[in-house]
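Below: the structure, in C-alpha cells.
Numbered from 1 within each chain, the chains take letters A, B, ... in sequence-line order.
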2 protein chains.
Amino acid sequence: MSIKDVAKLAGVSIATVSRYLNSPEAVREKTRKKVREAIRQTGYAPNTLARNFRRGKTSLVVVVLPSVGDPFFAGVMRGIWRVADEEGYSILIRETQFNTHAFDEYTDIVFSKQADGIVLLASISPFMQGDAEVTGKGGRVPPIVVGCEAVAPQLSPFPSVRVDNARAAAEATEHLIGLGHKRIAFISGLAASLLTRDREQGYRSAMAAAGLAVSEHWVVEGRQTLEGARAATRRLLALEARPTAIFCANDEMAMGAMREIRRAGLRIPQDISVVGFDDIRYAEILDPPLTTVAQPVEEIGERTMRRLCRAIDGGDIGAGPEIVSHRLVVRESSAAPPK
Amino acid sequence: MSIKDVAKLAGVSIATVSRYLNSPEAVREKTRKKVREAIRQTGYAPNTLARNFRRGKTSLVVVVLPSVGDPFFAGVMRGIWRVADEEGYSILIRETQFNTHAFDEYTDIVFSKQADGIVLLASISPFMQGDAEVTGKGGRVPPIVVGCEAVAPQLSPFPSVRVDNARAAAEATEHLIGLGHKRIAFISGLAASLLTRDREQGYRSAMAAAGLAVSEHWVVEGRQTLEGARAATRRLLALEARPTAIFCANDEMAMGAMREIRRAGLRIPQDISVVGFDDIRYAEILDPPLTTVAQPVEEIGERTMRRLCRAIDGGDIGAGPEIVSHRLVVRESSAAPPK
DNA sequence: CCCATATTTGTAAACGTTTACATCATTTGC
DNA sequence: GCAAATGATGTAAACGTTTACAAATATGGG
C-alpha cells in the first residue's frame, strides 16, 4: 500500500509514480495510464506523514484563541479557513480559555514542527515578561501573525491585523454623548488584554473631549464573559447615581448587561442605553437589536492568514499593524437618556 | 539542530539522545546530564514531523461539524479537547457548512495519514449513497465515531454517542401539551439530517399519543439556521389558525423564532410559547429565558473522543449508539396558551 | 540512417527519528 | 578476583517520500 507497490504493479520506478503524483506533465501519457491503473487497483493514497516529513512542511497552522464558543471568532475563523483552503493548510485550534501562555509555548509549536505558523487571536502581552525582546530559539522569530488583538508598544513591529480599537471605542462613546448621555459606564474585558485597554482608552478620551468626568465606579471589569458582565452590570445598577448608558467592550458582554438590566425591571433604551462591540450575528436579533461597532471579521481572518502564509513562504510581510476599517452600527438599544 | 547535533555535542550516539527523550529511565544519570546540557545549549526541539512519520501516527484527530459558529458545538468541542489533551491528540476542525460530503472524503483523511481518526458531529446519511455497505478502501472502516448526530438504520452498528432525540423531543412536546396547547408547530432543521427527523418523529408521536392532529402547515423547515427559522416563523404566524406554541429543533432556531414573534408584536409566552433544543449557553439569558432540552454536551464530547481513541489504539469499542441522558429544562418561554 | 538534442525514466541518497540487536561496561555472587 | 548476569550505550536499518543526477529512450535535422 505504498508507492513501492504501485510502482511494482505498474512496472515503473517509484520516482515515476512520485512524478505522476506531483508533476504529471513530466510523465508520458502511456506511462501515466499504467500508473493510474495501478493506483486504482491498489487503492493507494499517498502517505501525507511521509510526504510532509520529506518536504519539511506540516501544512498545518495553529490558531490560538481565547474561546471557541465566542461567535465573534467564528467569523474570523471563516476568513482564515477560506485562505487556508486556497493555500493548502489545515487548521489546528488551541483554546487559551483566557489563560496567558509563555512565549515559548507558541514558538515551540513551530520549532518542533508541529505546525508551520501561528495565528494569534489572543493577547500577546504575556510575551513581554522579562525583556521586551521577542525572539525564538536561535534568535529567529517564527511565523506568527496577530489578528484582532492589540500588540504591546514595545513589540509594535510585530505583524498584526486589526481595527483601530481606540478610535472605534471613541466613536461609540461619542454616539452616546451625542444622544445626550453624560453618565456613561464602561464594562471592560480582561484587564490583561491590551485590546480592552485600547477600547477603554478610546472611551476615556471621548469622555474627556466632551468635558465629561468619568467616575471610577463607572468602569468595571466584565472579564470578557457574559457572566462577568452580568455581575458588573449589577454593580452598576446599584450605584446611587446610576449610569444612563453602558458601553460594553464586546457584544457577548452586552448580552449579559441587557439581561441584567431587564431583570432589574428597566427598559432598553428608554431607561438605559446599551452599546456593544463586534457586531456578532446575534446583535441584530437581540431585543432590542444592539447598537455596536462592526468589525470586518472575515476580512481580518483572511488578511491575517494571508500575511501568515507569506511569512511561512519566507516572503516579506512588513512590520506592525495592518488597520482595517470598523463601522458603527446604530440599532435600537441606544437612544436619548431619560429626562 | 537535529538529534545528531545534540549527540555530537554530548559525545553520545543519537540512539542515546532518543532514549533520553522517550525513556529517560533507560539512560544513566551521568549521561542524562550530558544530554540535558547539550539540548539546552543547542536549543534542540525534537522534530515532530520526523517522529510522527517514524511512529506512523499523526496524533491528529479531525472533528467534522456543520458550523463552528454554533454555540452548541462549542460545548461538545470542550469535552473533545479535554480528552484530546489527556491522550496527546491535536484537533483539526473541518466545517461542512451543512453540505454533505462523500464517504471517501472522510475516510481518505485517515487512509492518507492526515489524521488518525475522525469525530463526526455531522450527519452520516450521505454515506448511504449506493449500497448500505460502509467500508473503506481495503474493506476496513477507519476509526470514526459519530457524536450527537443520528446514524442511518442500515448503519446502526456504526459507533455513536448521543441522546435519545426522539424521546427527548416527545418529552418537550408533552410538556407543551401538558400546559394545554393543542396547536403546536415544529420548526425542523435540515431535512437531510437524521437527527432532525428523529426529533420530528418524537414530536409527531407525542402529538398522536395525545390524540392531537398535526396540520402539515405546522411543520416547517428552519434549515438549521437562525435566518431559516425566522422565515419559517413568519410563515407560521401568517397561518389562519395560528399555532399557540412552537417547538424548534434547536435553540439557535428558537432564537430566530423568538425574534420574529416579538417583531410581530406578540408576547412570549402569553401569546405563543417557544421551546428549543440543546440548552446552549444563551438559552438562559434570552428574554424570556428559553425552555429547552439540555444535552450533556461536554459528556458527549468526552465519550465520543474516548471511544475514538480506543478505536485508534485498535481496541474494541463495541457497536452502535451509546445513549446519554437528556433533561427538559423548563424556563419562562413556555406557559399555558391564551384562552 | 546517424548524431545531437530533448524528453522520459531509473538509481540512489536524503530527510530525522525510533528500535532491534550487538557490543561494551558495570555490578553481583561466589 | 572471575564468570555470569545485568545494565548502558552504540550501530545500523527502517519508515515512505522527493529529487539531483545518471541513464535510457524518443525526436528531429541533416
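- Following rounding to the nearest Å, A/Asn47 (CG) and D/dT18 (P) show an atom-to-atom distance of 10 Å.
- The environment of NZ in B/Lys8 is sparse: at most 12 heavy-atom neighbours from other residues, nucleotides or ligands sit within 6.0 Å.
- Between D/dT11 and B/Ser13, no contact under 4.0 Å exists linking OP1 or OP2 to a side-chain N or O.
- The CZ-P distance, from A/Arg51 to D/dC15, rounds to 19 Å in whole Å.
- Side-chain proximity of B/Asn22 to C/dT18, C/dG10, D/dA26: nearest is C/dT18.
- The NZ-C1' distance, from B/Lys4 to D/dA12, rounds to 12 Å in whole Å.
- For the pair A/Ile3 CD1 and D/dC15 C1', the computed distance is 14 Å after rounding to whole Å.
- OP1 or OP2 of D/dT17 has at least one side-chain nitrogen or oxygen of A/Tyr44 nearer than 4.0 Å.
- The residue among B/Lys30 and A/Pro46 whose nearest nucleotide of DNA chain D is located toward the 5' end is B/Lys30.
- Between the side chain of A/Asp316 and the backbone N or O of A/Gly318 there is at least one donor-acceptor pair closer than 3.5 Å.
- Salt-bridge formation is not detected for the pair B/Arg162/B/Glu149: no Lys NZ or Arg NE/NH1/NH2 atom is positioned less than 4.0 Å from an Asp or Glu carboxylate oxygen.
- Look at B/Arg55 and you'll find a side-chain N or O under 4.0 angstrom from OP1 or OP2 of C/dT18.
- Checking B/Glu302, B/Glu299, B/Glu87 one by one against B/Arg82, the salt bridge (Lys or Arg N to Asp or Glu O under 4.0 Å) holds for a single residue, B/Glu302.
- The base of C/dA14 sits with one of its N or O atoms less than 3.5 Å from a complementary donor or acceptor on the side chain of A/Arg54.
- As a whole-Å value, the separation of A/Arg28 CZ from C/dA6 P is 18 Å.
- For A/Val12 and B/Ile14, each mapped to the nucleotide of DNA chain C holding its nearest heavy atom, the one lying further toward the 5' end belongs to A/Val12.
- Between the P atom of D/dT19 and the CG atom of A/Leu21 lies a distance of 12 Å, rounded to the nearest Å.
- When the side-chain nitrogen and oxygen atoms of A/Ser18 are compared with OP1 and OP2 of D/dT17, none of them lie within a distance under 4.0 Å.
- Rounded to an integer number of Å, the gap from A/Lys57 NZ to D/dT17 C1' is 16 Å.
- For the OP1/OP2 pair of C/dG16 and a distance below 4.0 Å, the side-chain nitrogens and oxygens of B/Ser2 include no atom meeting the criterion.
- Under the stacking criterion of a centre-to-centre distance below 5.5 angstrom and an interplanar angle below 30°, A/Phe53 is not stacked against the six-membered ring of D/dT17.
- Rounded to a whole Å, the CZ atom of A/Arg19 is 11 Å from the P atom of C/dT8.
- Although no hydrogens or angles enter the test, the distance criterion places a donor-acceptor pair under 3.5 Å between the side chain of A/Arg32 and the main chain of A/Val27.
- Across the interface with DNA chain D, nearest-nucleotide mapping of B/Val27 and B/Ala50 shows B/Val27 to be the residue nearer the 5′ end.
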